Amino acid sequence: MPELPEIEVLRRSLAPRLVGEAVARVAVREPRLRERVRPRELAGLAGQTVRALGRRGKYLLIHLDGKKGCQTLVVHLGMSGRLTLAEGRAPDEPHEHVAIYLRSGAKLRLRDPRRFGLVRVVATDRLARDPHFAGLGLEPLAPEAAEDLAGTMLREAARGRRGPVKSFLMDAGVVVGVGNIYATEALFRAGIHPLRSVARLSPARWDLLAAAVVAVLRQAIGQGGTTLNDFADGEGRSGYFQVSLSAYGREGEPCGACGAAIRRIVQSSRSTFYCPRCQR
DNA sequence: CGTAGACCCTGCGCGC
DNA sequence: TGCGCGCAGGGTCTAC
């Protein structure tokens with residue numbers, strides 16, 4: 001479900017409602033997520049106050065202040081995760097694996113049918129060294145990257161590598177947050193064929209691609225993310241970037257630019273959509 | 001070393 | 001109507 005824009009939309013929707021709230025208790029109902037949830041680790045959040053919400057790639061970071069220093073609740077939504085804030089006594093929903101009760105009476109609930117998600121508590125000052133974050137690549141919307149996630153940075157990262165440009169874009173060791181939808185869309189906008197080798201892209205086209213990545217992510221955030229099935233922000237609101245998708249999910253439909261039929265292929269067992277005429 | 005594929009899990013929509 | 005199949009926005013591990 002969620003790529004960078006969806007997590008950013010979630011972060012922005014939750015922040016004003018969570019910051020300053022104190023945790024009353026945490027309930028773990030199903031610990032078998034991608035990584036086993038440790039109930040005692042989460043229980044330690046009781047009494048702590050939310051200080052700020054951050055994001056790294058597709059990870060949502062909920063920073064808290066406690067007696068034992070600052071801790072960060074790290075949440076990854078996998079494919080099917082939803083994190084929503086419910087006011088008052090909300091009944092548990094199916095697949096609501098973790099519930100964080102706040103002193104205000106509200107409940108932050110994590111639902112994740114496929115259980116590809118992840119919830120952990122990490123000391124804030126050790127985040128950068130945590131195995132989940134240590135190997136991550138460029139943050140595409142960070143101020144220092146966004147203005148010139150310039151082809152130069154991507155091109156440097158691609159030096160000595162081979163393989164298709166779409167897989168490269170989706171490699172979190174290169175750029176974080178770009179998943180199947182936004183890699184597909186960025187390549188469409190840049191007019192680059194998803195199977196093209198990273199070894200065979202001119203500097204000018206790296207620039208085009210970098211700009212396309214930043215533009216598509218920004219636009220998606222502005223439109224509340226992409227809701228295909230079930231994405232919703234912290235208050236349950238859907239996004240509407242799906243109406244702006246040019247290639248993703250449009251197999252057989254005419255390309256908006258040239259009219260040729262959009263094609264679907266499978267790359268490392270993920271669907272890729274592209275225009276055979278516009279993308280070379 | 002890098003890359004391709006299997007795998008983790010449930011739910012949904014489609015064709016028969 | 002019911003069933004089986006393929007497919008789904010994520011990441012990680014193994015086998016080449």
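Here is the naming used below: chain letters follow the sequence lines, and residue numbers restart at 1 for every chain. Because the structure is a prediction, the values reported are computed rather than measured. When reading the values below, keep in mind they use all heavy atoms of this one structure, side chains included, and skip hydrogens, waters and symmetry mates.
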[X]: salt bridge (Lys or Arg N to Asp or Glu O under 4.0 Å) partners, not counting sequence neighbours:
X	answer
A/Arg51	A/Asp65
A/Glu8	A/Arg11, A/Arg12, A/Arg55
A/Arg17	A/Glu87, A/Glu235
A/Arg32	A/Glu30

Nearest-angstrom distance from the residue atom [atom1] of [X] to [atom2] of [N]:
X	N	atom1	atom2	answer
A/Glu30	B/dT10	CD	C1'	12 Å
A/Glu35	C/dG10	CD	P	18 Å
A/Asn180	C/dA8	CG	P	8 Å

Neighbours of DNA chain C within residues 114-123 of chain A, by heavy-atom distance under 4.0 Å:
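Here the set is A/Arg114, A/Phe116.
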State, yes or no, whether a side-chain contact exists between A/Glu21 and A/Arg103 at a heavy-atom distance under 4.5 Å.
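Not in contact.
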Intra- and inter-strand pairs of DNA chain B in dot-bracket (Watson-Crick or G-U wobble, both distances under 3.5 Å; | for another strand)
.|||||||.|||||||
Pick base, sugar-phosphate or nothing for A/Tyr182, based on heavy-atom distances below 4.0 Å to the nucleic acid.
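Counting heavy atoms under 4.0 Å across all strands, no contact is made by A/Tyr182.
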Test of understanding: with ring pair (Phe, Tyr, Trp, His ring centres under 6.0 Å), list the residues that count as partners of A/Phe241, not counting sequence neighbours.
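Partners of A/Phe241 under the ring pair (Phe, Tyr, Trp, His ring centres under 6.0 Å) test: A/Tyr182.
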Toward the 5' end of DNA chain C, by each residue's nearest nucleotide, A/Tyr59 or A/Arg264:
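On the 5' side of the pair lies A/Arg264.
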Listing time: all N or O pairs from protein to nucleotides 1-5 of chain B that are below 3.5 Å?
unit_1: B/dT3; atom_1: OP1; unit_2: A/Arg162; atom_2: N; d: 3.2
unit_1: B/dT3; atom_1: OP1; unit_2: A/Arg162; atom_2: O; d: 2.4
unit_1: B/dT3; atom_1: OP2; unit_2: A/Arg161; atom_2: NH2; d: 3.1

Tabulate protein N/O versus nucleotide N/O from nucleotides 13-16 of chain B, keeping only pairs under 3.5 Å, one per line.
none

Sequence neighbours excluded - salt bridge (charged side-chain N to carboxylate O under 4.0 Å, His left out) pairs with any residue from residues 170-193 of chain A
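Qualifying pairs, neighbours excluded: A/Arg161-A/Asp171.
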Tell me which pairs pass salt bridge (charged side-chain N to carboxylate O under 4.0 Å, His left out) where either residue lies in residues 253-263 of chain A, with sequence neighbours left out.
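Non-adjacent pairs meeting salt bridge (charged side-chain N to carboxylate O under 4.0 Å, His left out): A/Arg250-A/Glu253.
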Out of A/Arg111, A/Lys107, A/Arg109, which residue meets the salt bridge (charged side-chain N to carboxylate O under 4.0 Å, His left out) rule with A/Asp92?
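Only one of A/Arg111, A/Lys107, A/Arg109 forms a salt bridge (charged side-chain N to carboxylate O under 4.0 Å, His left out) with A/Asp92, namely A/Lys107.
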Polar atom pairs (N or O), protein with nucleotides 14-16 of chain C, under 3.5 Å:
none

For A/Val74, run the side-chain contact (heavy atoms from CB on, under 4.5 Å) check against A/Val122, A/Val119, A/Val121 and tell me which one passes.
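With A/Val74 as partner, A/Val122, A/Val119, A/Val121 yield a single side-chain contact (heavy atoms from CB on, under 4.5 Å), made by A/Val122.
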